[in-house]
Amino acid sequence: VMARIAAPGAEVDAGRVRGGLGVRARSEATAGWSLQVSDSGAVVAPARTGLDRTATVRADDPRLARLLDRALDDLDALLVTEPGHDDPFTAAGAPWFLTLFGRDSLWAATLLLPFDTRIAAGTLATLARVQGTRTDPATGEQPGKIAHERRRRAGRHEGGMVLPPLYYGTIDATPLWICLLRDAWRWGMPEERVRDLLPNLHAALGWVRDHADRDGDGFAEYLDESGHGLANQGWKDSGDSVRDASGRIADGPVALVEVQGYLHEAALAGAELLEAFGDGDPAPWRAFAAELAARFRERFWTRDADGAFPALALDGAKKPVDSLTSNIGHLLGTGILDDAESDEVGRRLLAPDMASGYGLRTMSSRAGGYSPLSSLCGWVGPHDTAGVVRGLVRSGQTDRAVALGAGLLAAADGFDRRLPELFAGYGADEVASPVPYPASCRPQAWSAAAAAGLVTALLGLDVDVPAGTVTLRPPRPGPLGAVAVAGLPVAGGRLDVRIDAAGDVVSATVPDGMRLTTDTSRSTRR
């Protein structure tokens with residue numbers, strides 16, 4: 001790293017600027033300095049283009065527009081690219097994660113699809129360039145696997161954990177990459193860019209087939225083979241985050257519940273793309289998904305006093321890790337649950353032990369391992385809440401989605417409209433304002449992108465450009481009053497929507513060639 005400071009009229013020594021400034025009475029004087037930095041070893045650089053900011057959002061509740069404006073400003077500031085490339089993606093967050101993180105960048109791009117598909121295209125292409133090609137236990141690399149994080153040098157952490165500069169210790173980034181490729185295509189990512197990534201799609205599906213299931217039991221699981229990597233390789237990656245209802249930490253290998261949902265959706269998404277582009281046989285992947293759903297139904301469901309729900313994971317002995325967690329919300333919309341199961345999951349997540357009033361707790365407040373301030377067993381993650389909101393919308397539970405998402409608006413009031421990476425799980429009935437976690441990144445890309453996810457939920461919006469359809473399923477009544485969205489980029493045109501306080505679509509203008517469907521059979525489940 002090279003830095004040069006210029007300060008005319010001042011002394012510059014070892015990075016310090018010293019000088020005087022004389023100011024006569026009733027007069028003005030100006031002094032200034034400039035700093036130039038060049039970094040030949042950087043793994044990311046500022047993106048050359050910013051977010052598409054043409055869309056505007058207004059609601060009777062002014063908090064929505066204020067949160068979204070701040071979020072898009074933060075996401076603009078977090079946009080980066082690899083040196084020598086023009087593909088924009090979001091760095092995960094500041095200050096700790098200002099670099100490429102596979103899972104984080106994929107989730108942020110997914111939530112941002114209604115506002116700018118270019119971020120998805122850039123994220124997909126960037127991760128494709130470092131997709132795994134060989135088997136290396138030291139880095140977690142496997143053929144077809146999508147990377148977890150990239151830094152300029154190895155990272156050394158407490159407890160002897162050492163993460164290499166390019167690290168692949170993630171169980172979910174690969175299926176999430178496949179799902180984003182399909183979703184971005186549906187939202188209008190140019191077909192030629194999708195086609196360019198089809199070889200990477202085949203490689204990612206190959207990882208799902210050949211490497212995700214370590215022991216042949218039909219589920220994807222992880223285990224750190226290096227001895228110095230992440231013990232847990234889902235988004236809840238602290239060493240003690242996978243606990244049963246009594247609080248016992250599970251032994252590995254661990255098969256996380258949401259990962260099975262991601263794999264199910266990825267298999268169907270891959271089949272859809274292979275069929276649409278005439279680039280392979282989709283039938284084996286549809287069979288893979290059907291078989292996985294059947295196994296999942298047999299092995300993952302457990303019970304407590306309130307009824308049945310999917311366990312957090314299967315442990316190394318293939319026993320259910322029977323705590324109730326937010327992870328199960330990520331099954332919604334993946335197709336691995338039937339309608340009755342989706343409804344039951346939605347009901348459990350909206351109960352007071354999970355829904356804090358400021359968002360979704362990562363673990364039920366009634367679980368033995370729950371703590372509102374410790375690890376990932378009780379905190380609220382805005383991106384986690386937004387992901388579950390998205391799943392509720394996709395499974396037809398729009399009213400539950402916006403009821404849960406409204407908690408993020410209440411939380412944002414306590415953080416000057418900038419949602420952090422995580423905050424404590426204390427409920428709105430316990431504290432007047434959400435309790436911050438000091439080491440949380442702020443801004444954090446996927447937390448900021450949660451605001452875009454709220455807008456999508458309030459519209460009940462789904463877009464399928466290849467099919468030529470725009471679908472609106474707004475909740476009734478509108479939880480924030482009337483909502484007006486103008487200028488969402490769709491299919492080379494713009495989408496304008498106005499919804500009144502009753503939840504009725506007052507007007508909607510869609511681009512030429514697109515058909516509008518307004519679903520009047522909206523969910524009223526609470």
Side-chain angles (χ1 to χ4, degrees), residues 51 53 55-78 90 92-95 97 104 107-108 110-112 114-115 326 329 349-350 352 354-362 372-373 378-390 392-393 400-459 475 478-485:
L51 282 172
R53 300 294 296 271
T56 60
V57 176
R58 295 291 179 266
D60 285 347
D61 187 331
R63 296 179 300 171
L64 178 65
R66 291 199 297 259
L67 175 61
L68 182 66
D69 287 345
R70 170 61 69 85
L72 295 179
D73 285 345
D74 287 342
L75 287 161
D76 241 348
L78 290 170
T90 58
F97 307 128
D104 301 50
W107 261 114
T110 298
L111 294 169
L112 278 172
F115 288 83
S326 64
L349 294 178
L350 269 292
M354 290 298 301
S356 73
Y358 295 126
L360 187 65
R361 293 185 178 96
T362 49
L373 287 171
W379 293 343
V380 173
H383 94 276
D384 187 35
T385 300
V388 175
V389 166
R390 178 174 178 265
L392 287 164
V393 171
R400 283 175 174 162
V402 295
L404 182 62
L408 292 181
L409 288 178
D413 288 342
F415 294 108
D416 192 26
R417 304 188 304 280
R418 174 178 280 156
L419 289 168
E421 175 190 6
L422 296 160
F423 54 88
Y426 294 111
D429 58 343
E430 299 175 277
V431 290
S433 183
V435 176
Y437 174 66
S440 186
C441 279
R442 193 165 166 251
Q444 179 88 350
W446 59 9
S447 292
L454 291 182
V455 174
T456 308
L458 287 165
L459 300 179
L480 305 184
V483 177
V485 179

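FYI, side chains are in, hydrogens and waters are out, and symmetry mates aren't considered; it's all heavy atoms of this structure.
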With a 4.5 Å heavy-atom cut-off, do [X] and [Y] have their side chains touching?
X	Y	result
R63	D413	yes
W107	R390	yes
V388	L404	yes
V485	L458	no
L78	P443	yes
L409	L480	yes
L454	L67	yes

V393 and T456: CA distance, side-chain angles, deciding distance, side chain to side chain contact (heavy atoms under 4.5 Å, CB included) verdict: CA-CA 9 Å; V393 171; T456 308; 5.8 Å; no
Any chance you could measure [X], atom [atom1], to [Y], atom [atom2], to the nearest 0.5 Å?
X	Y	atom1	atom2	result
L349	M354	CG	CE	5.5 Å
Y426	S433	OH	OG	13.5 Å
F97	D104	CZ	CG	7.5 Å
S326	D384	OG	CG	3.5 Å
L75	L68	CG	CG	9.0 Å
F415	S440	CZ	OG	7.5 Å

Work out which heavy atom in [X] is nearest to a heavy atom in [Y]; give both atom names and the distance.
X	Y	value
C441	P95	SG-N, 4.0 Å
A452	L112	CB-CD2, 4.2 Å
V483	A59	CG2-CB, 4.1 Å
L419	S447	O-CB, 3.6 Å
A410	G357	CB-O, 4.0 Å
A386	L111	CB-CD1, 4.1 Å

Is a donor on one side and an acceptor on the other found under 3.5 Å between the side chain of [X] and the backbone of [Y]?
X	Y	result
E430	G427	yes
T90	A445	no
R442	R418	yes
R361	G425	yes
Q444	E421	no
W379	T362	no

Audit row: L392, L350, side chain to side chain contact (heavy atoms under 4.5 Å, CB included) steps and yes/no: CA-CA 11 Å; L392 287 164; L350 269 292; 4.2 Å; yes
Ion pair D73/R53, N-O distance below 4.0 Å: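 Result for this pair is yes, salt bridge flagged.
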Geometric class of the W446/H383 ring pair [parallel <30°, tilted 30-60°, perpendicular >60°]: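 H383 and W446: parallel rings.
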Side chain to side chain contact (heavy atoms under 4.5 Å, CB included) assessment of Y358 paired with T385: CA-CA 10 Å; Y358 295 126; T385 300; over 6 Å; no
